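Note that the coordinates shown come from a computational prediction; the quantities given were computed from them, not determined experimentally. Residue numbers begin at 1 in each chain, while the letters A, B, ... track the order of the sequences.
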2 protein chains.
Amino acid sequence: MSKKDDLLKVAEVKVRQGGYNNFSFREIANEVGIKSASVHYHFPTKADLGAELAHQYTDAFLAALGDVDEIKARGENPIDIYTQIFRGALLTDDKMCLCGLLGAQNESLPEKVQIEVKRFFAKNLTWLQAAHKANGEADPEYAAITTVSLLEGAMMISKALNDHSYFKLATQ
Amino acid sequence: MSKKDDLLKVAEVKVRQGGYNNFSFREIANEVGIKSASVHYHFPTKADLGAELAHQYTDAFLAALGDVDEIKARGENPIDIYTQIFRGALLTDDKMCLCGLLGAQNESLPEKVQIEVKRFFAKNLTWLQAAHKANGEADPEYAAITTVSLLEGAMMISKALNDHSYFKLATQ
DNA sequence: AATGGACTATCTACTGTTAGATAATTGCAT
DNA sequence: ATGCAATTATCTAACAGTAGATAGTCCATT
């Protein structure tokens, strides 16, 4: 794995712990074994790094979700799949959703990063609307926003109270 | 109003925009017209300021909620009241819930602040459980966590997409 | 006289960023 | 195959700005 990928990996952990200001070029450079100035070779500015981080996170998330039609074709409920991906993100890593945290602090972020965070939620809502429509929901738009809101909110509160059982209870 | 209250007020705005790292003693001192060193007179450390901010926010929030029994006594639904308080926080100030944002970045916060954020959500869940119980809900614990999760999540996503209509749709 | 609330001045540590240099590698034209 | 040029990935050194925090001083009110 390249240094660039290493940098994104260690930055992701820090952002998911404490947001955009929770990592510095020096810190992540130390952790991957290069100098902070060299980080600028891969990412001209911190905003560029943040934007690329959110973009790749979104792509990986969507890839993990898969295709609504395929899920339906094999007789599964896409909303269950969606919930399981969220559950895995919290229980496996014990970390917030990257774009959830960034979304909450949206107002203070560089525009480049804001755009990528918007992309995450826009794509999530589109996927969820298709899923609820495929499930025959009467109001797919309403169902989509409540699904993602409940999951992001339950994640936030489980982190705040440092107890995953709240997430489990909310998604039982 | 005292300088101390002024400091808390301007700090609150900044934290609700971008989290705990989104304000500095220098900034808030400038905004209230004193020097950054003088802020340490009122709050020995930044953690003390953050903790007091979250504590007062929680107290004000609970005061705004009022008493479940009184709400029921005048024939209103306490869950509707709760939802309206959240809606007001977002639509009036165009800002996240202070403890929601702090909760999401919990892992990176000083312990003093973490304790106050936990207090906020513990008190919210207690209030909501009483409210759902008073409403005759079959599973008040489940109803309480889903209520606050949905509202915090919808707030987060409305901020991320910079569009309050998502909050309105989720709470319609 | 004592206290509250501010001040000046300073400290150390860290922030993102830039400049300029270096070595290793790669691609192309001769 | 050799030689030139460009590219990649890193380095050292330094920059100006900001961070939270501390020590000591001043002055008005009590």
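The 12-atom threshold is exceeded at CD of A/Glu137, counting heavy atoms of other residues, nucleotides or ligands nearer than 6.0 Å.
Partners of A/Ser24 by side-chain hydrogen bond (donor to acceptor under 3.5 Å, both in side chains), not counting sequence neighbours: none found.
A donor-acceptor distance shorter than 3.5 angstrom exists from the side chain of A/Trp127 to the backbone of A/Gly66, with no hydrogens or angles considered.
Side chains of A/Gln105 and A/Leu109 form a contact here, defined as non-hydrogen atoms less than 4.5 Å apart. Residues B/Cys99 and B/Phe61 form no side-chain contact, since every pair of their non-hydrogen atoms from C-beta on lies 4.5 Å or further apart.
The span of DNA chain C lying next to chain B, judged by atoms under 4.0 Å from heavy atoms, is bounded 5' to 3' by C/dG4 to C/dA9.
Using cut-offs of 30° and 60° on the angle between ring planes, the pair B/Phe25 and B/His40 is tilted.
Sorted by first and then second residue, the ring pair (Phe, Tyr, Trp, His ring centres under 6.0 Å) pairs with a member in residues 95-117 of chain B form an empty list; sequence neighbours excluded.
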Please tabulate the protein-to-nucleotide N/O contacts below 3.5 Å involving nucleotides 6-8 of chain D, giving atom names and distances.
none

Review point. Would B/His132 and B/Asp139 count as a side-chain hydrogen bond (donor to acceptor under 3.5 Å, both in side chains) if you check the C-alpha gap in whole Å, the side-chain angles of each, and the deciding distance to 0.1 Å?
Key: CA-CA 8 Å; B/His132 281 297; B/Asp139 191 344; over 6 Å; no

Practice item. Evaluate salt bridge (charged side-chain N to carboxylate O under 4.0 Å, His left out) for B/Lys4 paired with B/Glu52, printing each intermediate quantity in order. Key: CA-CA 11 Å; B/Lys4 182 170 180 174; B/Glu52 189 156 335; 3.4 Å; yes

Exercise for review: Could you go through the side-chain hydrogen bond (donor to acceptor under 3.5 Å, both in side chains) check for A/Asn135 and A/Lys72 one step at a time?
Suggested key: CA-CA 9 Å; A/Asn135 280 354; A/Lys72 291 296 285 187; 2.7 Å; yes

Exercise for review: Determine, step by step, whether A/Arg74 and A/Glu70 satisfy the salt bridge (charged side-chain N to carboxylate O under 4.0 Å, His left out) criterion, reporting the C-alpha distance in whole Å, the side-chain angles of both residues, the deciding distance to 0.1 Å, and the verdict.
Suggested key: CA-CA 6 Å; A/Arg74 56 176 196 261; A/Glu70 284 178 23; 5.0 Å; no

Check your understanding: What does nucleotides 13-30 of chain D look like as a protein-contact string, B for base, S for sugar-phosphate only, - for none, at under 4.0 angstrom between heavy atoms?
Key -> B-----BBBB--------

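Comment: A/Arg119 engages A/Asp59 in a salt bridge, judged by a side-chain N to carboxylate O separation of less than 4.0 angstrom.
Listed by residue number, there are no residues of residues 11-22 of chain A with a heavy-atom contact under 4.0 Å to DNA chain C.
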